[in-house]
**Student:** 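Dumping the structure here so I can ask a few things about it.
Side chains are part of it too, since the values below use all heavy atoms of this structure and drop only hydrogens, waters and symmetry mates. Note that the structure is a prediction, hence the values are computed from the model and not measured. The sequence lines fix the lettering, A, B, ..., with proteins before strands; numbering per chain opens at 1.
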Amino acid sequence: MWYWSLKSLFAEPLRLISGSLGVACAFLLVMVFQAVFEGESRQIVAYIQNTDADVWVMQDGVENMHMASSLLWNWKAPRIARIAGVTEVASILYMNTVMSAGGKRWFSYIVGVDENAFTGGAWEMTAGEAWPQQGEAIVPDVVAILSGLSIGDTVQVLDAELRIVGLSRGTFSMANSVTFINKKDLSRLMDAGEAVSYILVKGSDGISAQDLAARIKTGVDKVSALPKQQFIHRDREMALQMGSEIIRIMITIGTLLAVLIAGFTVYYQVIHKQRELALAKALGFRHRHIYAGVFLQAAAINALGYGLAVAGAYTLMPMIPLVAPQISLYVSVESLVRLGVIGILVTTLVVFVLARNVTRVDPVTVFQR
Amino acid sequence: MSEPILRAIGLSKQFGTAAALVRAVDDVSLEAAPGELVLIMGPSGSGKTTLLSMLGALMKPDAGRIFIEDVEVSALREGQLPRLRANKIGFVFQSFNLLAALTVEENVLFPARLVAGGVKAAGARAEQLLERLELTGRRRALPRTLSGGEKQRVAIARALVNRPTIIFADEPTGNLDSRMGQEVMMILRSVARDQGCTVVMVTHDSRSEEAADRILWLEDGKLRDRKTDTHVWRRDPVCGMRVDEWTAVEKSRYRGRDYVFCSHECLSRFEASPAAYVLATGQE
Ligand SMILES: Nc1ncnc2c1ncn2[C@@H]1O[C@H](COP(=O)(O)OP(=O)(O)OP(=O)(O)O)[C@@H](O)[C@H]1O
Ligand SMILES: [Mg+2]
């Protein structure tokens with residue numbers, strides 16, 4: 001039966017290809033959605049991820065960066081520096097706001113950095129300076145491209161006009177781009193006085209981030225201290241709360257579409273071959289033989305569709321950022337595998353749904369002319 | 001007569017209910033001996049196909065019992081039937097029912113995987129059948145490239161590959177022109193005579209009568225004695241064959257006259273250009 005099944009499928013390449021392409025399109029749609037979702041959810045925490053701090057210290061009660069504000073007394077930084085196991089300390093000022101660049105408005109993290117800090121600034125540059133002096137700003141290269149600006153142009157942050165001196169890479173996200181300015185500028189703009197927002201702490205090799213955070217919490221009054229990974233986790237959760245629903249719905253729709261197309265293709269194949277299935281029954285093939293045949297066809301169409309979708313994803317996805325630089329894509333093997341598993345489930349489901357049709361094929365129909 | 005291969009007792013089957021009730025087969029009993037070629041004839045709608053479906057264990061009778069060799073087929077559970085069909089029964093159909101994607105050889109071997117030994121063991125047998133049915137040269141051909149006669153020979157080879165004890169054929173010559181029809185009849189004749197395989201065959205084709213050991217006449221679902229005066233011999237205007245007007249299914253009307261045909265093939269030819277045949281056979 002398996003032989004019949006595959007030969008019948010390949011005997012009509014047009015039908016096979018159109019069915020597989022349909023499945024591939026649906027899978028590809030899901031893959032793109034997933035890649036956008038993954039890409040964006042990585043990009044949202046890119047700043048924390050790329051900042052070389054083991055522990056983030058912030059105002060007591062604050063546990064996020066996204067949509068949060070934190071203010072701490074500046075003197076807490078040297079106090080933390082004296083705690084055993086701490087090797088480096090830097091502090092940043094930070095606020096969420098809208099930045100104007102090239103007539104467009106960008107929702108942005110504004111990070112105020114010290115020139116001599118060990119970390120906290122841009123981690124990779126496309127062009128120009130990485131550390132802003134007063135009156136200067138480092139903006140994401142994607143913002144510069146999309147708003148038609150380059151080094152030497154100005155952007156507006158709150159009521160300050162700042163000159164672009166550097167373009168940073170990997171700092172753009174649809175939800176939060178990161179713009180770096182000098183800490184003194186931001187302090188003035190926020191009227192923050194002697195306060196800072198986050199203190200970035202690096203520990204010695206022998207101590208875990210967990211222990212270091214605990215030491216800081218007990219050693220310094222009224223602070224919250226989180227190991228980097230935990231901080232990333234919380235922030236991603238917070239940031240994705242809003243957008244994720246929509247993307248989940250889209251992924252679900254795409255998956256349903258894949259199910260429908262795969263199901264329809266196989267259904268059509270079965271209806272089309274009903275007479276041959278009836279003959280197989282009349283010759284003495286059992287239901288399980290026939291299921292196996294139909295299952296194999298469904299699996300083949302799905303596998304082919306999946307393969308095409310993966311191939312499509314790997315050719316198409318590198319092109320998307322060229323057309324739309326604001327979209328960050330990330331294809332994880334995990335999400336591909338998940339989709340593959342869904343494909344297998346779909347196949348099984350389709351055959352299950354078809355089961356009635358297959359078993360109802362009446363062998364007597366072979367007598368019809 | 002030796003011990004019968006096939007025995008049916010009091011078979012009945014009806015379709016529909018109340019006003020629309022059709023007694024397709026009504027209390028039919030019959031037997032067939034090893035190597036016998038039995039024809040079932042009768043007018044269209046008389047229940048021939050229904051009877052054959054029940055005998056071949058493709059349809060459950062409403063009443064009655066069927067034995068093939070000593071197995072009571074009508075008492076088997078649904079799950080036991082496939083094994084019986086694969087091992088004991090061969091089918092030949094009017095519409096051939098070949099598997100479109102498989103080659104001639106693959107079609108012949110298709111049921112072989114259902115029996116002990118599988119395709120490997122059946123290889124030599126298939127080879128032999130292909131040779132005897134003159135299909136050796138076409139073994140790699142796909143069904144759509146075959147003529148009607150070749151298709152039916154493939155179907156017969158497929159029916160024979162598992163060495164069944166009985167073959168059921170429903171109008172195996174119905175889609176063939178008279179020459180190919182005759183050829184197929186001769187093959188089935190030799191299957192019965194030379195191999196001892198019982199053949200039960202439904203047909204409209206009166207020319208098959210010569211090859212048959214026995215003819216059963218079905219009318220309104222009942223077996224009856226066939227009255228000889230029901231023969232009304234007419235001539236097929238296309239091939240010139242003698243056709244019994246009573247049982248003929250292929251009929252056409254042209255310029256107020258009725259014509260009968262031995263096969264659908266002849267009818268199609270006639271309908272394409274009736275004038276040619278009416279003149280050619282000297283009829284006005
Ligand atoms: N599945 C069915 N449902 C309802 N009625 C049926 C069914 N199958 C057959 N019949 C009816 O039963 C009767 C016998 O049908 P059957 O097909 O057995 O006749 P037949 O002798 O084979 O006819 P033909 O020579 O035209 O092939 C007909 O009246 C037909 O309409
Ligand atoms: Mg019939």
**Student:** Do you know which of A:Asp362, A:Val366, A:Val364 has the most heavy-atom pairs with chain B at a distance under 4.5 angstrom?
**Tutor:** A:Val366
**Student:** Please flag which part of B:Phe110 lies under 4.5 Å from any non-hydrogen atom of chain A: side chain, backbone, both or neither.
**Tutor:** both
**Student:** Heavy atoms only: give me the nearest A:Glu276-B:Leu98 pair and the separation to one decimal.
**Tutor:**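 Answer, listing the atom of A:Glu276 first, then B:Leu98: OE2-O, 3.7 Å.
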**Student:** For a 4.5 angstrom cut-off between non-hydrogen side-chain atoms, does B:Phe91 reach A:Leu279?
**Tutor:**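 No - every pair of side-chain heavy atoms lies 4.5 Å or more apart.
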**Student:** Give a yes or no on this: more than 12 heavy atoms of other residues, nucleotides or ligands lie within 6.0 Å of atom CE of A:Met174.
**Tutor:** yes
**Student:** In Å, rounded to the nearest 0.5 Å, how long is the span from CG of B:Leu102 to NZ of A:Lys7?
**Tutor:** 6.0 Å
**Student:** Counting only heavy atoms closer than 4.5 Å, note whether A:Phe285 contacts chain B via side chain, backbone, both or neither.
**Tutor:** both
**Student:** Quick one: pull up OH in A:Tyr3 and CG in B:Leu109 and give me the separation to the nearest 0.5 Å.
**Tutor:** 10.0 Å
**Student:** Heavy-atom cut-off 4.5 Å, strictly under: side chain, backbone, both or neither for B:Leu114 against chain A?
**Tutor:** side chain
**Student:** Does CZ belonging to B:Arg163 count more than 12 external heavy atoms closer than 6.0 Å?
**Tutor:** no
**Student:** Around A:Leu14, counting heavy atoms of other residues, nucleotides and ligands shown, do more than 12 lie under 6.0 Å from its CG?
**Tutor:**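 Open.
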**Student:** Mind checking the CG-CZ spacing from B:Leu81 to A:Arg286? Nearest 0.5 Å is all I need.
**Tutor:**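 If I round to the nearest 0.5 Å, the distance is 9.0 Å.
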**Student:** Tell me, out of B:Pro82, B:Ala101, B:Gly90, B:Ala86, who's got the most heavy-atom pairs with chain A below 4.5 Å.
**Tutor:**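 Counting heavy-atom pairs under 4.5 Å, the top option is B:Pro82.
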**Student:** Ignoring hydrogens and angles, tell me if any N or O in the side chain of B:Arg85 forms a donor-acceptor pair with the backbone of A:Lys281 under 3.5 Å.
**Tutor:** yes
**Student:** Using 0.5 Å steps for rounding, measure from the CG atom of B:Leu58 to the OG1 atom of A:Thr365.
**Tutor:**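 Output value for this atom pair is 9.5 Å.
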**Student:** By a 4.5 Å heavy-atom criterion (distance strictly below it), what part of A:His289 contacts chain B: side chain, backbone, both, or neither?
**Tutor:** side chain
**Student:** Would you say the side chain of A:Trp4 lies within less than 4.5 Å of the side chain of B:Glu106, judging by non-hydrogen atoms?
**Tutor:**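 The answer is no, as the side chains (C-beta and beyond) never meet within the 4.5 Å cut-off.
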**Student:** Would you say that A:Phe367 contacts B:Glu171 through its side chain, given a criterion of any heavy-atom pair below 4.5 Å between the two side chains?
**Tutor:**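 No - every pair of side-chain heavy atoms lies 4.5 Å or more apart.
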**Student:** By a 4.5 Å heavy-atom criterion (distance strictly below it), what part of A:Leu283 contacts chain B: side chain, backbone, both, or neither?
**Tutor:** both
